[in-house]
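A short write-up of the structure that comes next.
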There are 2 protein chains.
Amino acid sequence: MGCKIEAFQQEQRKRMRSVQDSMDALNGKWKISIISSICCYGKRRFSDILNDVEGISNRMLSKELKELEINQLVKRTVLNTQPITVQYELTEHGNTLQTIISNLSNWGILHRKKIVGK
Amino acid sequence: MGCKIEAFQQEQRKRMRSVQDSMDALNGKWKISIISSICCYGKRRFSDILNDVEGISNRMLSKELKELEINQLVKRTVLNTQPITVQYELTEHGNTLQTIISNLSNWGILHRKKIVGK
DNA sequence: CTGAATCCAGATGGATACTG
DNA sequence: CAGTATCCATCTGGATTCAG
């Protein structure tokens with residue numbers, strides 16, 4: 001009977017859907033880097049992140065942060081400073097990404113060695 | 001002295017660059033899903049993957065597979081069948097992505113519960 | 001079956017200037 | 001400082017057709 005095979009395939013489809021769900025939340029050129037920046041410092045201001053993430057424009061940073069906020073990954077706080085500054089931090093949910101970030105960082109080093117390095 | 005701070009910042013920059021390296025290799029709408037498909041079955045033909053990855057077109061699949069091949073993540077083998085079939089499998093290097101895939105799958109489930117679920 | 005080629009709409013993202 | 005608005009080139013990706 002194909003019961004086991006079907007169960008396996010269903011499991012596999014579920015896994016693929018989950019992976020896709022993750023990627024949908026983390027897509028875009030910069031999101032992971034932005035999260036990585038905020039994560040490392042705990043709290044981070046707009047201009048700090050703009051500085052951390054090499055190459056990003058304020059237009060993009062603004063947009064990506066907004067999407068991350070919608071996905072409840074970062075929390076935005078306006079501070080009573082003059083001029084106004086805005087602080088971003090990871091939500092509890094956003095913090096659950098730490099393992100992934102860490103893995104991506106490690107794998108990135110490995111990959112660079114493999115492809116670029118001799 | 002700012003030695004510790006500078007060391008930390010340099011460490012942080014390195015981490016961000018690594019994460020970005022990973023994302024560069026894994027960007028595109030479908031790559032992770034494709035890898036996930038091949039990974040689970042060990043070997044997988046073009047049409048199988050086309051079927052596994054919901055919504056992808058053959059044009060995109062072809063393109064993404066080519067990029068994955070360039071990055072030495074998948075290996076392509078033409079089989080002597082009639083008509084010709086092509087088999088894809090992960091390289092050793094591609095297999096090092098398993099941890100990330102697994103984590104992304106788990107996080108995807110978590111995220112879906114958090115955002116979509118009540 | 002496995003692609004490559006073409007066409008084309010819509011998304012992405014940089015540069016720049018502007019606002020509160 | 002933290003965005004927003006506008007303009008515009010490039011990229012993305014679907015649909016369809018064709019080829020080996």
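Chain identifiers are assigned alphabetically (A, B, ...) following the order of the sequence lines, protein sequences preceding nucleic acid strands; residue numbering begins at 1 within each chain.
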> Checking side-chain contact (heavy atoms from CB on, under 4.5 Å) against A:R76, which of A:E69, A:E89, A:Q87 comes through?
Replying inline: A:E69

> Does A:K66 place a side-chain N or O at less than 4.0 Å from the phosphate oxygens OP1/OP2 of D:dG3?
Replying inline: no

> Does a side-chain N-to-carboxylate-O contact under 4.0 Å join B:R17 and A:E54?
Replying inline: no

>> Rounding to an integer number of Å, can you tell me how far B:K63 NZ sits from C:dA4 C1'?
In response: 13 Å

> Atom CD of B:E69 and atom P of C:dA4: how far apart are they, to the nearest Å?
Replying inline: 10 Å

> Nearest nucleotide by nearest heavy atom, which residue falls closer to the 5' end of DNA chain C, A:P83 or A:N27?
Replying inline: A:N27

> Within less than 4.0 Å of OP1 or OP2 of C:dG3, is there a side-chain N or O belonging to B:Y88?
Replying inline: yes

> Tell me: CD1 of B:I56 to C1' of C:dG3, nearest whole Å?
Replying inline: 13 Å

> Aromatic rings B:Y41 and A:F8: how do their planes relate, parallel, tilted or perpendicular, breaks at 30° and 60°?
Replying inline: perpendicular

> Expressed in angstrom and rounded to an integer, what is the separation of B:D24 atom CG from D:dC11 atom P?
Replying inline: 15 Å

>> So, OP1 or OP2 of C:dA4: does either fall under 4.0 Å of a side-chain N or O from B:S62?
In response: yes

> Taking atom P of D:dG13 as reference, at what distance in whole Å does atom CD of B:E64 sit?
Replying inline: 7 Å

>> So does B:R59 get a backbone contact from the side chain of B:S62, meaning a donor-acceptor N/O pair under 3.5 Å?
In response: no

Which pairs, protein N/O on one side and nucleotides 5-10 of chain D N/O on the other, fall under 3.5 Å?
residue: D:dT6; atom: O4; partner: A:R59; partner atom: NE; Å: 3.1

>> Return whichever of B:S57 or B:I84 has its heavy-atom-nearest nucleotide of DNA chain D closer to the 5' end.
In response: B:S57

> Pick from A:L50, A:D52, A:L68: which one makes a side-chain contact (heavy atoms from CB on, under 4.5 Å) with A:I34?
Replying inline: A:L68

> Between C:dG3 atom C1' and B:L79 atom CG, what is the distance in whole Å?
Replying inline: 15 Å

> Rounded to whole angstrom units, what separation is found between the CG atom of B:N80 and the C1' atom of C:dC1?
Replying inline: 14 Å

> Hey, is the main chain of B:N27 close enough, under 3.5 Å, to the side chain of B:K31 for a donor-acceptor pair?
Replying inline: yes

> Would you say B:S47 reaches C:dT2's phosphate, i.e. side-chain N/O to OP1/OP2 under 4.0 Å?
Replying inline: yes

>> Do B:R45 and B:D48 have side chains that approach each other closer than 4.5 Å (heavy atoms only, starting at C-beta)?
In response: yes

>> Under 4.0 Å from OP1 or OP2 of D:dA2: is there any side-chain N or O of A:R44 that close?
In response: no

> Could you state the CH2-P distance from B:W30 to D:dG14, rounded to the nearest angstrom?
Replying inline: 5 Å

> Considering only side-chain heavy atoms of A:M60, which listed nucleotide, D:dA2, C:dT2, C:dG13, is closest?
Replying inline: C:dG13

